[in-house]
Amino acid sequence: MAPPKPRVIYWFRTDLRLHDSPALKAALDLKPECLYPLWCWDPHYVYRARVGPNRWQYLLDCQSDLSASITKLNPKSKLFVVREAPQTLLVKLFKAWRITHLVFEKDTDAYARERDEDVMKKAKDSGVEVIVKMGRTLYDPDELVKANGGKPTMSITQVQHAAEKLGEVAKPIPSPESLPDPGDITLDFEQTQPSPTPDINEIQRDENDKSYSKLAGPNGDFSVPTMSELGLKPATTQHRGGETVALRALDEIISNTTYTATFSKPETAPTAFSPQSTTLLSAHHHFGSLSVRLFYWRVMDVLKSYTKSDKTTPPTNLIGQLLFREMYFGAQAPLGYSYAQTHGNSHCRFIPWHLPSEIEPSNGLITGSYHIDAPEAGTWFHRWKWGKTGFPWIDALMRQLRQEGWIHHLGRHAVACFLTRGGCYISWERGAEVFEEWLIDHEVACNVGNWQWLSCTAFYSQFYRCYSPIAFPKKTDKHGDFVRHFVPELKDFPDKYIYEPWKAPIADQKKAGCLIKGDGEEKEGEGEGGVKIYPKPMFDFSARREICIQAMKNAYHIGLYGDHPKVKDGTWREFFDDEAEGPTEGKDAQSNGVPGKKRVKSGKEASGDKGVDQDEGEAAELGGESKGGDREEKSPVKRKRKGQGTLDGYFGGKKARK
DNA sequence: CGACGAGTTGCGCTC
DNA sequence: AGAGCGCAACTCGTC
C-alpha cells in the first residue's frame with residue numbers, strides 16, 4: 001500500500017510571513033494533500049507575558065495580513081486561529097484532522113524551547129512527524145554558539161568570528177505561488193480552558209476577556225481575534241504591522257541607496273520623530289513579517305555597488321544592526337531562562353540595584369514582583385515610567401514609548417542609563433519589564449541584552465560614560481522640537497530652558513504658560529487660570545551621576561555575578577553597606593567617600609566560569625595601605641591581576657575558591 | 001604572560 | 001563651530 005499523502009499543519013509563531021520561510025518551504029516540499037496554516041492562541045502570551053495594546057494590535061495586523069495573503073493564494077485557505085494552548089490543542093488536531101506532519105520555525109527563546117519540546121514529544125507519541133527549520137535569524141543561534149566554543153556570544157567580535165565559520169547567510173526563498181487546500185476543519189472535541197490567573201495583562205483590558213470563549217472564535221470561522229474580543233483597550237500607535245506593510249517599507253529604504261549604504265547608527269538623531277532617523281523595521285523582524293535574511297541581502301546588494309570609502313561597515317551600519325541581534329540571540333540560546341534575569345545568570349554582573357526582583361525559591365526565577373527597598377526609588381521608578389521625572393528629554397521619550405510603542409535606539413539608551421547606572425540606580429529588570437509591556441518591537445533576547453548593556457551588567461562596562469538628560473539631546477535638537485511635541489506643556493519655553501525648565505525665571509514660566517512645580521502628581525491645569533504645570537526635577541542629576549558611578553565602581557570591585565552562591569542565598573549583603581538606606585547609599589558612603597563600600601573581611605569565592613583561574617598563584621598583596629589612603633577592602637571574586645593604572649592593582653588575591 | 005589599543009552611540013572644556 | 005583632549009577608568013582582543 002502506498003504511504004498516505006501528507007496532511008500537514010504549518011504552525012505559525014514568530015514567522016508571520018510567506019516570503020523567505022525555510023520551514024514553509026519544507027512543508028510545501030512534502031507535496032501535501034492538505035496544508036493547515038495554524039495559529040494557536042497561546043495563554044503564555046495572553047496571560048503571562050507583558051503585552052500592551054500597541055503590540056497586540058501589531059500582532060493582529062500581522063495575522064490579518066498573513067491570512068489575507070494566504071487566501072489570495074488559495075481562496076479555501078486562511079490563517080486558522082484556534083483559541084487554545086498548543087500543548088493541549090495540537091494532539092487533538094492531529095487526530096481530528098488526520099495529520100501526518102507538523103512543521104514550524106525553530107524558536108530558541110527559553111519558554112518556546114520548553115513548549116516545543118513538549119509538543120514534539122506529543123507529536124511523536126501521536127505518530128506525527130515534526131519538521132523544524134531555522135528562519136528567525138541570520139544564523140541558527142545554537143550553531144552560532146557552537147562555533148563560539150559553546151559559549152554565549154558576548155561581543156560583536158565573537159559573533160563575527162563565529163559567523164565566519166558558518167559561512168554565508170542563506171539566500172532568501174521566494175514566497176510560494178500557490179498553497180494546498182486545507183482539509184476538513186471540524187473540531188469534534190472539547191476546548192481545554194487555560195487558567196487566566198495570574199493574568200499579568202489584566203491592566204491592559206477594559207472589558208471581559210473573551211480570548212477563550214470559543215475554539216474557532218465568536219463566529220466559528222477561525223478568524224483573527226479583534227481587540228475587543230481580547231477585551232483590550234484600543235491601541236494608540238500609528239505604526240502598523242503585517243508582511244505587506246513590511247515589504248513596502250523595505251523597498252522604500254532600499255530605494256534610498258545613499259541612506260542604506262551610509263547608515264551609521266551613532267550618527268542618527270534620537271530626537272527625529274517625523275520621520276524618525278532609523279528604519280523602524282525592528283517590529284517586522286520581531287513578528288517575522290520581514291525576514292532578516294531578505295533585509296540582509298537587499299542591503300548587501302546596495303553595499304556592493306558602493307566603493308569602500310563611500311559606505312559604512314559593521315558594527316555601525318545596517319548589517320551591523322543585524323549582527324547585534326544575532327549576538328543577543330546567541331547569548332540567550334545557551335543561557336535559557338537565566339539570561340533574562342540577574343539571579344542565577346553566569347554572565348550578568350550583580351549590582352545591588354534598588355527595586356530588586358522577587359525570586360521564586362522553587363525554581364530561582366524572577367516572579368515579576370519586586371522589593372521596594374527604598375521608598376524614594378519606588379517613587380523615582382513610577383515617575384520614570386509615566387514620564388514625570390521633571391527631565392523633559394526623559395519624559396518626552398517615555399511618553400513617546402507609551403503612546404507609539406517605539407523610540408529611537410539612542411533614546412532607549414538615554415532612558416535606560418537614567419533608570420539604572422546613570423541616575424536612579426534601579427534594577428535594569430524593572431526597566432526591561434516596562435519596555436516589554438510597551439514596545440511594539442519587543443524581542444526578549446534584544447531587550448534584555450540591551451538593558452544589560454546599558455546598565456553595564458553584561459556586554460558593556462564603561463559605566464563612567466553617562467548620558468546627560470540635558471547635554472545629549474542638545475546635540476541633535478537645539479530647539480527642543482522633540483520635547484515640545486511629546487511634552488506639550490513645555491511647548492512655549494525658550495530654547496535656553498527647554499531641557500532644564502526649572503532654571504527658567506518665574507516670569508519666563510508664566511510667559512510660557514507653564515509653571516515648574518510639584519512632583520508630577522498634580523492634575524494638569526491645576527494652576528490658577530488654567531496655567532499648566534510641569535514637575536520639578538526629581539533629583540540633582542549631577543549629584544546622582546556621581547553617586548551612581550562610585551557605586552558602580554564599588555560593585556565592579558566586589559565582582560559578583562548572578563550565579564554566585566552569595567547572590568543566590570542573599571549573603572551578598574555582607575560585601576555592601578547599610579541595608580536600611582539601601583545597599584548603595586549607606587551611612588558609610590559619607591564616611592569613606594564610596595557609596596555602599598564595605599570593608600570586606602574575608603571570603604573569596606569563584607563565580608562560575610568567570611575566569612578567576614587566571615589569578616592562580618598571585619599573592620594577596622592587598623588589604624593594607626595603599627595610595628588610596630584608607631582603602632582596605634578585598635574582593636570576593638578578583639577580576640584581574642593588575643589594571644592599567646586602575647584600582648584593580650589593589651585587589652590582588654589568591655585564586656577564588658568555591 | 002603582559003602591554004596596548006579598541007570599544008556601534010559621553011561630557012565638557014579648550015583651541 | 002568643530003576637532004581634540006582630559007576626565008578616571010571598564011573589558012576584550014590581539015600581538
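Quantities reported herein were computed from a predicted structural model and do not represent experimental measurements. Proteins get letters first, then strands, A, B, ... in listed order; numbering begins at 1 in each.
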Check: Which whole-number value in Å describes the distance from A:His557 NE2 to C:dC10 C1'?
Finding: 9 Å
Notebook entry, point to check: NA contact type, A:Ile156, heavy-atom cut-off 4.0 Å: base, sugar-phosphate, or nothing?
Noted result: sugar-phosphate
Notebook entry, point to check: How many Å lie between CG on A:Leu318 and P on B:dT8, as a whole number?
Noted result: 17 Å
Margin query: Without decimals, in angstroms, what is the distance between A:Asn554 CG and C:dC10 C1'?
Written below: 15 Å
Margin query: Can you say whether a donor on the side chain of A:Tyr464 sits under 3.5 Å from an acceptor on the base of C:dA8, or the other way round?
Written below: no
Notebook entry, point to check: When all nucleic acid strands are considered with a 4.0 Å heavy-atom cut-off, which category describes A:Phe472: base, sugar-phosphate, or nothing?
Noted result: sugar-phosphate
Checklist line | Salt-bridge criterion met for A:Asp495 and A:Arg484 (N-O under 4.0 Å) | finding: yes
Check: Do the rings of A:Trp384 and A:Phe381 sit parallel, tilted or perpendicular, given the 30° and 60° boundaries?
Finding: parallel
Checklist line | Closest listed nucleotide, where the reference is the side chain of A:His413 and the choices are B:dT9, C:dC12, B:dT8 | finding: B:dT9
Check: In whole angstroms, how far is the C1' atom of C:dA3 from the CD atom of A:Glu267?
Finding: 14 Å
Next item on the list: Spell out, as yes or no, whether a donor-acceptor pair under 3.5 Å connects the side chain of A:Tyr425 to the backbone of A:Pro352.
Entry: no
Checklist line | A:Arg298/A:Asp251 ion pair, N-O < 4.0 Å | finding: yes
Notebook entry, point to check: With a non-hydrogen cut-off below 4.0 angstrom, is A:His161 in contact with a base, only sugar-phosphate, or nothing?
Noted result: sugar-phosphate
